[in-house]
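When a ligand or atom number is given, it counts from 1 through the structure's own listing order. For the numbers below, each heavy atom of this structure counts, side chains included, while hydrogens, waters and symmetry mates do not.
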Amino acid sequence: MNETDWYALLLKMWFGLSGVVFLLLLFITAPYGRHARKGWGPSLPSSVGWVLMEAPAAFLFASFFLLAGKPLDAATWIFFSLWELHYIHRAFIYPFLRGGKPRPMPVLIVSFGFFFNLVNVYLNGRYLTAFSPGYPNRWMMDPRFVLGLLMFLVGFVINRHSDAVLARLRAHGVGGYQVPAGGFYRFVSSPNYLGEMFEWFGFAIATWSAAGLAFAVWTAANLIPRAISHHRWYRRSFPEYPAERKAIIPFLW
Ligand SMILES: NC(=O)c1ccc[n+]([C@@H]2O[C@H](COP(=O)([O-])OP(=O)(O)OC[C@H]3O[C@@H](n4cnc5c(N)ncnc54)[C@H](OP(=O)(O)O)[C@@H]3O)[C@@H](O)[C@H]2O)c1
């Protein structure tokens, strides 16, 4: 089996597995953060966990571009910049901005996150630098590129702003949970997840690629069940929780 066949098979399997993981996560909430519980093996400090999980997504993706061995189109470099914009922040800045006291994260979760990133990096990095037919300059005028780029940037701002609201609740070493307010928290309980999904569906549209779509679908498979769990948890924990606030889709759900 050559790499093209192997790549196509992996892509199909990856789409299939996302459906299985989505169903599993509806019943088993990933045991970190407020949903942490005993019985999931050894843990490490969550800041270390975030760096270990997310750093490969920044470094390995960059290595595909460095080793491409051919000139890449301007649009492809824009995709590279979007990816690195997200992952340099997620791997090396976000873990140290979260505030509060150090918290444990199961090694199992870190391992899943690491594996998730490895496959997504391979599928997307290899597609953009080797298997894609290329993106001529006129692609940057295509409505799919423009819409996808806008979605990514809007999602990035929503994600960053929403994570910053949470970090402020933990400023000065304050522990525990409070009801977040402002920004997209007016509409949903987990706007950071909504922003993240916007980013990667935008990336999929801008690259118009199955690899991008697989990553977006996996992001939704991870984050929609978790947003539902967060929403239920907020309603259980805070009797005054705003009744009009939805879980993840403004005004709907
Ligand atoms: N692409 C993907 O598949 C994927 C998967 C997972 C996460 N992510 C992204 O990674 C980031 C973090 O994810 P996460 O699952 O850790 O998000 P989260 O559950 O919203 O928590 C984010 C941070 O805020 C704190 N926090 C949450 N709610 C709080 C509240 N009501 N009061 C005070 N502090 C609060 C959390 O503390 P605790 O840790 O103590 O709960 C944590 O430090 C998000 O931007 C998310 O989109 C992406």
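Of the possible polar contacts, one joining the Asn117 side chain to the Met53 backbone as a donor-acceptor pair under 3.5 Å is found.
Of the candidates Trp83, Phe215, Phe145, Phe203 forms a ring-ring contact (aromatic ring centres under 6.0 Å, His included) with just one, namely Trp83. Checked against Trp50 for a ring-ring contact (aromatic ring centres under 6.0 Å, His included), the options Tyr87, Tyr94, Phe92 give a single hit: Tyr94.
Within the structure, salt bridge (charged side-chain N to carboxylate O under 4.0 Å, His left out) contacts touching residues 152-177 (residues at least two apart or in different chains) are Arg90-Asp163. Evaluation of the salt bridge (charged side-chain N to carboxylate O under 4.0 Å, His left out) test over residues 26-37, restricted to residues two or more places apart or in two chains, returns none.
Contact shell of ligand 1 (protein heavy atoms, cutoff 4.0 Å): Tyr32, Gly33, Arg34, Trp50, Arg90, Tyr94, Arg98, Arg103, Phe116, Asn159, Asp163, Leu166, Leu169, Arg170, Gly176, Tyr177, Gln178, Pro180, Asn192, Tyr193, Glu196, Thr219, Asn222, Leu223, Arg226, His230, Tyr234.
When the side chain to side chain donor-acceptor pair (under 3.5 Å) test is applied to Ser132, no partner is found at least two apart in sequence or on another chain.
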